[in-house]
Amino acid sequence: MAAQLYQQIREFYDASSPIWESIWGEHMHHGFYGQGGTRQVNRRDAQIELIEEFLAWGKVTQVENFVDVGCGIGGSTLYLAEKFGAKGVGITLSPVQANRATERATEQNLSNQAEFKVADALNTPFRDGEFDLVWTLESGEHMPNKRQFLQECTRILKPGGKLLMATWCHRPTDSVAGSLTPEEQKHLEEIYRVYCLPYVISLPDYGAIAPNVV
Ligand SMILES: C[S@@+](CC[C@H](N)C(=O)[O-])C[C@H]1O[C@@H](n2cnc3c(N)ncnc32)[C@H](O)[C@@H]1O
């Protein structure tokens with residue numbers, strides 16, 4: 001099951017990453033357009049602002065070594081390595097992405113600070129407590145086991161380190177709106193199919209998992 005999903009994800013990013021890069025540039029995630037979402041700002045600046053908002057939200061002011069879990073072509077990895085003068089490693093399921101990210105590190109004179117590997121986020125090749133920041137931006141939605149994903153991210157985090165995760169979620173189902181409607185489920189199925197996602201969960205669902213993995 002996971003093997004088939006991973007093959008789909010790898011093929012999806014191997015084939016589409018050059019196209020994404022030519023349209024979106026190096027960042028493969030959404031942008032930040034102000035609290036109300038209406039600020040006029042170009043796409044790349046908005047993507048960088050999202051990274052900055054995310055860091056500010058997580059109160060991250062210094063980083064020595066980090067891992068970027070689901071790194072794409074290294075947009076965040078290289079940004080964080082340069083910003084903090086940190087060492088970073090990015091992991092992805094796509095060899096095409098890992099190669100392109102490595103090439104980009106060389107182009108930006110960051111190859112002594114950033115490296116990229118093909119590795120599975122649920123079973124990473126890292127030691128316990130290796131990183132002071134685990135960064136994962138719009139990749140958790142691909143994970144077939146959200147609990148194992150959070151457990152692995154936590155395992156490789158130094159005591160006192162930070163895990164920052166931004167991921168696609170569906171709406172909470174514990175409010176007055178109740179369970180997802182058949183129409184909402186159909187819509188989600190379409191998103192899963194197009195983007196090779198096994199399923200997504202809600203923010204309260206993540207909240208319920210989180211205390212049990214640390
Ligand atoms: C939408 S891209 C986000 C890329 C990057 N975080 C960014 O913001 O530019 C999703 C990434 O998650 C990676 N990914 C998905 N499942 C993964 C897994 N099980 N292990 C490692 N990486 C995974 C994909 O290979 C891809 O690089």
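In this chain, numbering begins with 1 at the start of the sequence shown.
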Within the 4.5 Å heavy-atom criterion, are [X] and [Y] side-chain neighbours or not?
X      : Y      : value
Lys83  : Val63  : no
Phe84  : Leu133 : no
Phe131 : Val89  : yes
Pro198 : Met143 : no
Arg193 : Glu190 : yes
Leu188 : Leu180 : yes
Tyr6   : Pro144 : yes
Phe66  : Leu80  : yes

Under 3.5 Å, is there a donor-acceptor pair linking the side chains of [X] and [Y]?
X      : Y      : value
Asn99  : Thr102 : no
Gln47  : Arg43  : yes
Gln148 : Glu152 : no

Give the minimum heavy-atom separation between [X] and [Y], together with the two atoms involved.
X      : Y      : value
Cys153 : Val134 : O-CG2, 3.6 Å
Gly90  : Thr77  : N-CG2, 4.1 Å
Val200 : Cys169 : CG2-C, 4.0 Å
Leu164 : Gly58  : CD2-CA, 3.8 Å
Phe116 : Cys71  : CD2-SG, 3.8 Å
Arg171 : Ser202 : O-CB, 3.6 Å

Could you go through the side chain to side chain contact (heavy atoms under 4.5 Å, CB included) check for Glu26 and Leu78 one step at a time?
-> CA-CA 10 Å; Glu26 72 273 40; Leu78 298 180; over 6 Å; no
Are Tyr13 and Trp20 an aromatic pair by the rule of ring centers under 6.0 Å?
->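 That pair fails the under 6.0 Å test.
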Which value, rounded to the nearest 0.5 Å, describes the distance between [X] atom [atom1] and [Y] atom [atom2]?
X      : Y      : atom1 : atom2 : answer
Phe126 : Leu157 : CZ    : CG    : 13.0 Å
Tyr33  : Glu49  : OH    : CD    : 9.5 Å
Tyr79  : Leu137 : OH    : CG    : 12.5 Å
Asp68  : Thr92  : CG    : OG1   : 9.5 Å
Leu55  : Lys59  : CG    : NZ    : 12.5 Å
Ser16  : Tyr195 : OG    : OH    : 10.0 Å

Under 3.5 Å, side chain of [X] to main-chain N/O of [Y], donor-acceptor pair present?
X      : Y      : answer
Gln8   : Cys196 : no
Gln113 : Ala86  : yes
Thr136 : Val69  : yes
Asp14  : Val96  : yes
Asp132 : Asn65  : yes

For [X], look at atom [atom1] and say whether over 12 heavy atoms of other residues, nucleotides or ligands are found less than 6.0 Å away.
X      : atom1 : answer
Arg44  : CZ    : no
Gln108 : CD    : yes
Gln40  : CD    : no
Glu64  : CD    : no

In one Ile/Leu/Val/Met/Phe/Trp/Tyr side-chain cluster, 4.5 Å: Ile48, Ile23 |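 No, separate clusters.
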Is there a path from Ile19 to Ile73 through hydrophobic residues (I, L, V, M, F, W, Y) whose side chains come within less than 4.5 Å of each other?
->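 They do not share one cluster, since no chain of ILVMFWY contacts under 4.5 Å joins Ile19 to Ile73.
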Hey, are [X] and [Y] close enough for a salt bridge, meaning a charged N less than 4.0 Å from a carboxylate O?
X      : Y      : answer
Glu115 : Lys87  : no
Lys186 : Glu189 : no
Glu130 : Arg155 : no
Glu107 : Arg104 : no

Flag this pair as yes if the NZ/CZ of Lys146 is under 6.0 angstrom from the six-membered ring centre of Tyr199 and inside a 45 degree cone about the axis; otherwise no.
->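 Flagged: Lys146 positioned over aromatic ring of Tyr199.
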Scan His27, His30, His29 and name whichever one has a side-chain hydrogen bond (donor to acceptor under 3.5 Å, both in side chains) with Glu138.
->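 One option only clears the test, and that one is His30.
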How far apart are the C-alpha atoms of Leu150 and Met165, what are their side-chain angles, what is the distance that settles it, and do they pass the side chain to side chain contact (heavy atoms under 4.5 Å, CB included) test?
-> CA-CA 9 Å; Leu150 288 189; Met165 174 176 73; 3.9 Å; yes
What's the verdict on side chain to side chain contact (heavy atoms under 4.5 Å, CB included) for Trp135 and Val60, showing C-alpha distance, side-chain angles and the deciding distance?
-> CA-CA 11 Å; Trp135 173 273; Val60 176; over 6 Å; no
What's the verdict on side chain to side chain contact (heavy atoms under 4.5 Å, CB included) for Leu5 and Leu197, showing C-alpha distance, side-chain angles and the deciding distance?
-> CA-CA 8 Å; Leu5 172 72; Leu197 311 182; over 6 Å; no
